[in-house]
Amino acid sequence: MKKPKEVKVSDLGEFGFIAWFSPAFLRKLPRGVVGIGDDCAVIPWRGRKKLVVTTDMLVEGVHFLKEKISAEDLGYKSLAVNLSDIAAMGAQPLYSFLSVAIPPETEISWLDKFFRGWRKLSRDTRVLLLGGDTTGSREKIVISVAVLGMADEKNIRYRSAARPGDIIAVTGTLGDSEGGLRLILSAETSAELSKSEKFLLRRHCRPRPHLEEGQFLATRPEVRAMMDVSDGIDSDLRRIMERSGCGAEVYLEKLPVSPALKNCAQKYRWPLEEIAAAGGEDYCLLVTVDPKKFIQLAANFRGRFGRELAAIGRITPEKGRLTYLKEGKPYALRKSGFDHFKK
Ligand code: ADP
Ligand code: MG
């Protein structure tokens, strides 16, 4: 008799996998504790203060290629991607833990540069390193980071708070990091890099966590749902839709793109709008906002940061339905956001 085919994690996908195992761990949580499902877990702390906690991992060959990213950038990025999840809750980061698995041949000079990059960002953000773990690895470097932060209960923003009619907005340009990744992976990139190419590479290798933007937005009651853009808005918006029980429409021509990405898209014939919608690792913030208060909020945001809070779409009542519109007409994206188990 033929053996029944084993279900693989790739059949579930990254998010199907999390949805499959997490319900058992969400039952009977103590009062005030928020578990799996948002950018950070939330734990009651002192009075109205809450502790927020996140952890993220970077694996050689999956998240980075050792020959293609400098050790300094990698140290910076390992902390940055975790701080981005703290920013997504509207919280202030405080403490970090760093665990590394490293092959014995790893050069101390490489590790020295790694810590130089880490320290640069930890100094800028006043995040202290309090511990971690070190182990050997056969071949690949694995970096696992945890960060703890603090926020006022009333300022914490969740993925689950979006409502139909809300305006969807982002705090930065989209697709730059994917552009940088394409340059890293492409053989045709010229030896002499243009200004635009350097910009995209830097955006990929040294993402800036939007901590101040997150804390600013979190003080405004009209900001409802918030998360960071790690897998691309096509994937990340679906997380907000799932948690909030709603749908969304996105206007492709409104996706904010940098002049550098436009230049390179033209030069290399990249699909600009697809990259903006589905490219990952931009680490800006994605928010939904009460439509009556959006214009004022965007004006205040511009005044404070000198950049746009770019409106890119609307939350709709149709559960689970994400529609893209290009000049008012429905448009099917070819590529969707990043999933670790999907090819
Ligand atoms: P983010 O990109 O913001 O870090 P993810 O999409 O990676 O969030 O994860 C979604 C949620 O699932 C988060 O709350 C995360 O903590 C949780 N999660 C992911 N993997 C695991 C795991 N192996 N065990 C427990 N929780 C997990
Ligand atoms: Mg996140």
Side-chain angles (χ1 to χ4, degrees), residues 8-10 12-29 32-43 50-59 62-64 77-93 96-99 142-149 151 156-162 168 170-172 174 177-178 207-211 213-215 217-218 223 225-244 278-288 322 336-342:
K8 307 266 173 62
V9 68
S10 58
L12 299 181
E14 179 184 349
F15 303 107
F17 166 68
I18 296 169
W20 164 74
F21 80 82
S22 59
F25 299 95
L26 287 167
R27 280 194 282 273
K28 297 193 187 146
L29 287 176
V33 171
V34 180
I36 298 171
D38 221 294
D39 294 289
C40 292
V42 179
I43 303 166
K50 300 256 186 173
L51 206 56
V52 300
V53 186
T54 182
T55 178
D56 253 315
M57 190 154 54
L58 287 90
V59 179
V62 178
H63 298 93
F64 66 93
K77 185 169 181 176
S78 302
L79 181 57
V81 302
N82 280 272
L83 296 186
S84 178
D85 277 326
I86 300 280
M89 305 305 283
Q92 179 196 352
S96 62
F97 292 80
L98 167 65
S99 300
V142 179
I143 300 155
S144 173
V145 177
V147 175
L148 280 70
I156 296 183
R157 290 297 183 278
Y158 296 96
R159 297 176 181 181
S160 53
I168 303 167
V170 288
T171 59
L174 299 171
S177 180
E178 158 97 19
R208 179 180 72 82
H210 284 205
L211 285 163
E213 290 88 335
Q215 284 166 32
L217 292 167
V223 174
M226 181 152 76
M227 74 179 291
D228 68 324
V229 182
S230 56
D231 298 331
I233 55 155
D234 182 66
S235 169
D236 295 329
L237 204 44
R238 287 177 207 274
R239 309 281 87 78
I240 287 184
M241 285 160 42
E242 280 162 14
R243 306 287 301 175
S244 300
E281 296 204 300
D282 282 316
Y283 298 109
C284 58
L285 299 173
L286 175 63
V287 288
T288 83
L322 175 55
S336 59
F338 191 73
D339 181 314
H340 267 280
F341 299 115
K342 297 235 160 108

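Whatever order the structure lists them in is the order used to number ligands and atoms, beginning at 1.
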- For Asp228, what is the atom name of its N, O or S atom nearest to the Mg ion (ligand 2)? OD1

- Between Phe21 and Phe17, what is the ring plane arrangement, given parallel below 30°, perpendicular above 60°, and tilted in between? tilted

- Looking only at heavy atoms, which two atoms of Gly172 and Cys284 are closest? And how far apart? N-CB, 3.7 Å

- Among the N, O or S atoms of Asp85, the one nearest the Mg ion (ligand 2): OD1

- Note: Ala88 and Asp228 closest approach over all heavy atoms is CB-N, 3.4 Å

- Under 4.0 Å from any heavy atom of Ser230, which atoms of ligand 1 are there? 2 (O)

- Note on the structure: Closest heavy-atom approach to atom 24 (N) of ligand 1 among Phe21, Phe17, Phe15 is made by Phe21

- Note on the structure: So the atoms of ligand 1 within less than 4.0 Å of a heavy atom of Gly37 turn out to be 11 (C), 13 (C), 14 (O)

- Please test Tyr283 against Ser177 for side-chain contact (heavy atoms from CB on, under 4.5 Å), starting from the C-alpha separation and ending with a verdict. CA-CA 9 Å; Tyr283 298 109; Ser177 180; 5.9 Å; no

- Has ligand 1 got any nitrogen or oxygen that is less than 3.5 angstrom from a nitrogen or oxygen of Asp85? yes

- Note on the structure: Note: Asp236 and Ser230 closest approach over all heavy atoms is OD2-N, 2.9 Å

- Looking at Ile36, which atoms of ligand 1 are within less than 4.0 Å of one of its heavy atoms? 12 (O), 14 (O), 17 (C), 25 (C), 26 (N)

- Glu14-ligand 1 polar pair, N/O distance under 3.5 Å: no

- Item | Structural part of Arg159 in contact with ligand 1, heavy atom criterion under 4.0 angstrom | side chain

- Query: Just how far is it from atom CG of Leu237 to atom CG of Leu286, taken to the nearest 0.5 Å?
  - Reply: 5.5 Å

- the Mg ion (ligand 2) to Asp39: nearest N/O/S atom name: OD1

- Where Thr55 and Val145 come nearest, the two heavy atoms and their spacing: OG1-O, 2.8 Å

- Query: Counting only heavy atoms on the protein side, is anything nearer than 4.0 Å to atom 26 (N) of ligand 1?
  - Reply: yes

- Message: Could you check whether atom 5 (P) of ligand 1 has a protein contact, counting only heavy atoms that fall below 4.0 angstrom?
- Response: no

- Task: Establish, for the pair Arg243 and Tyr158, whether the NZ or CZ atom is under 6.0 angstrom from the six-membered ring centre and no further than 45 degrees off its axis.
- Result: no

- At under 4.0 Å between heavy atoms, which part of Asp56 makes contact with ligand 1: side chain, backbone, both or neither? side chain

- Task: Go through ligand 1 atom by atom and flag the ones less than 4.0 Å from a non-hydrogen atom of Asp38.
- Result: 13 (C), 14 (O)

- Between Asp39 and ligand 1, which part of the residue brings a heavy atom under 4.0 Å of the ligand: side chain, backbone, both or neither? both

- Task: Check Ile18 against ligand 1 and report side chain, backbone, both or neither, counting heavy atoms closer than 4.0 Å.
- Result: side chain

- Query: Shortest non-hydrogen contact from Gly90 to Gln215?
  - Reply: O-CG, 3.6 Å

- Atom of Ser84, atom of Leu285 and distance for their closest heavy-atom approach: O-CD2, 4.5 Å

- For the Mg ion (ligand 2), decide whether Asp236 has an N, O or S atom at a distance under 2.8 Å. no

- Task: Identify whether the distance between the nearest side-chain nitrogen and carboxylate oxygen of Glu281 and Lys77 falls below 4.0 Å.
- Result: yes

